[in-house]
Amino acid sequence: MPIKTIIEPFRIKSVEPIRWTTREQRMELLRQAHYNLFLLPADDVLIDLLTDSGTGAMSTHQWAAVMEGDESYAGSRSFERFRRSIQNVFGYKHVIPTHQGRAAERILFGVTCKKGDVVPNNTHFDTTRANVEFTGAEAVDLLVPEGRQPALAHPFKGNMDVAGLEKLIGRVGRERIPLVMLTVTNNSGGGQPVSMENARRVSEVCRRSGIPLYFDAARFAENAWFIKVREKGYESKTPKEIAGEMFALGDGCTMSAKKDGLANIGGFLCTNNDLLAQQEKDLLILTEGYPTYGGLAGRDLEAIAVGIQEALEEDYLRYRISSIAYLGNHIASQGVPIVQPPGGHAIYLDARAFLPHLPQEQFPGVALAAELYLEGGVRSVEIGSLMFGPAAQMELVRLAIPRRVYTQSHIDYLVEVILEVWKNRERIRGLRLTYQAPFLRHFTARLEPID
Ligand code: F0G
């Protein structure tokens, strides 16, 4: 019999205790946090799946590299290592460091977009959309229809609707589209990958129309792994070769190194366009810093330089994707509705199907996230009506798995907690808003249970 047990492809050298609370304490903590898990002190969370962003564990190689950090203001050795490592994987001519992904977005869209422009994406992440809209441009999501059906299993639900893209270009004219973006993997759509074939077709449309193609590369390594195991012709290619092939289809990228950079902070912006790179660097100096550090310490640049390479290691990717699939498949086999198939960085519970007795205006996703905390001290995040308002297409609860942080026994614990909540789902009550901010309200909203 082949051995099936999933084990971590690493040993643990440094540990961080996590803290138990009682159900009564959690009941009170939830009340104090106004049923919004963003407002909980992290110390009161046992397993924190709020995000996979900046929450990963660094390797011994990364920590060693941190000590090599060159903190020179200009022309540091660390920047050279950072640039070389990124070019080695991404292949773009200019590499501009930023303090995180959204800073890269702000600079890219700030330089390329203006009022009246339109930016297509398979699905904009919320900061990406906000940064496009901040310039006065319109952010348009062009996801394939399969991507909007949570229960449907399809290997590449992150794909862009290519016919829709051609139609959009025909309708608004290519001069109003400064760039097209592909988000790999598609975070807002369930962590679903984009196929190489789809990226190639999008790239062809872009080239034909003279529109640059950019990647939102936050989870590029996980996307490459899915291509390796799901797309014909890629079985024997390495994740690094696959990533390189995909990036060669575009003209640049934005990157949050807090995901597949395996770092706790950082990001970058890449482009092949000399003129654009100059404008971007000028803007960078204004808000982020000199172009050889861009708001990061030399040690951060070092951690990213190593992390980018480690994120592409096959043992790591195989383990990570199997462990997340294990979580998804175990709960789904007991009837729990999840976005199928399990994604690259997270499991998304379909709160609408989980709690059919709660109407959209009672925030089923927020109610489910609160219940998971109450049951097991698990923090997740709603991606639904609280985040997007009444326009939300789905009511999802994301359980994002930090990289190299939790072990398989934590995953087994999660399975138990979710199944317990599933068993008692009919008792879960809806919530109503008592406070909301004018934008990005999910971070600070306050709610209360409806009797
Ligand atoms: N693009 C995608 C696809 C993302 O998921 C994120 C962040 C960003 C861009 C922005 O990067 O946080 O470094 O500024 N996603 C985090 C999340 C916050 O929880 O999914 P950032």
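For the single chain, residues carry numbers from 1 onward in sequence order. Read the numbers this way: they start at 1 and go in the same order the structure lists the ligands and their atoms.
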Does ligand 1 have a heavy atom under 4.0 Å from the side chain of [X], from its backbone, from both, or from neither?
| X | answer |
| --- | --- |
| His345 | neither |
| Lys258 | side chain |
| Thr183 | side chain |

Atom indices of ligand 1, in the order listed, that fall short of 4.0 Å to a heavy atom of Gly101:
11 (O), 13 (O), 14 (O), 21 (P)
Taking only non-hydrogen atoms of Thr51 and a 4.0 Å limit, the atoms of ligand 1 in range are 17 (C), 19 (O)
Please work out which of [options] has its closest non-hydrogen atom nearest to [atom].
| atom | options | value |
| --- | --- | --- |
| atom 20 (O) of ligand 1 | Arg106, Gln100, Arg398, Arg129 | Arg398 |
| atom 12 (O) of ligand 1 | Glu105, His99, Arg102 | Arg102 |
| atom 5 (O) of ligand 1 | Asn187, Leu50, Thr127 | Asn187 |

For Trp63, I'd like to know if atom CH2 has over 12 heavy atoms of other residues, nucleotides or ligands within 6.0 Å.
no
Count the heavy atoms of every other residue, nucleotide or ligand shown that sit under 6.0 Å from CZ of Arg299, and state whether that count exceeds 12.
no
N/O to N/O below 3.5 Å, does that happen between Lys259 and ligand 1?
yes
Please state which protein non-hydrogen atom is closest to atom 13 (O) of ligand 1 and give its distance, to 0.1 Å?
Ser256 OG, 2.7 Å
Hey, would you say the Phe215 and Phe90 ring centroids sit under 6.0 Å apart?
no
Would the Phe79 and Tyr293 ring centres measure less than 6.0 Å apart?
no
Verify whether one side chain among [X] and [Y] offers a donor that lies under 3.5 Å from an acceptor in the other.
| X | Y | answer |
| --- | --- | --- |
| Thr287 | Arg106 | yes |
| Glu245 | Tyr234 | yes |
| Glu105 | Thr127 | yes |

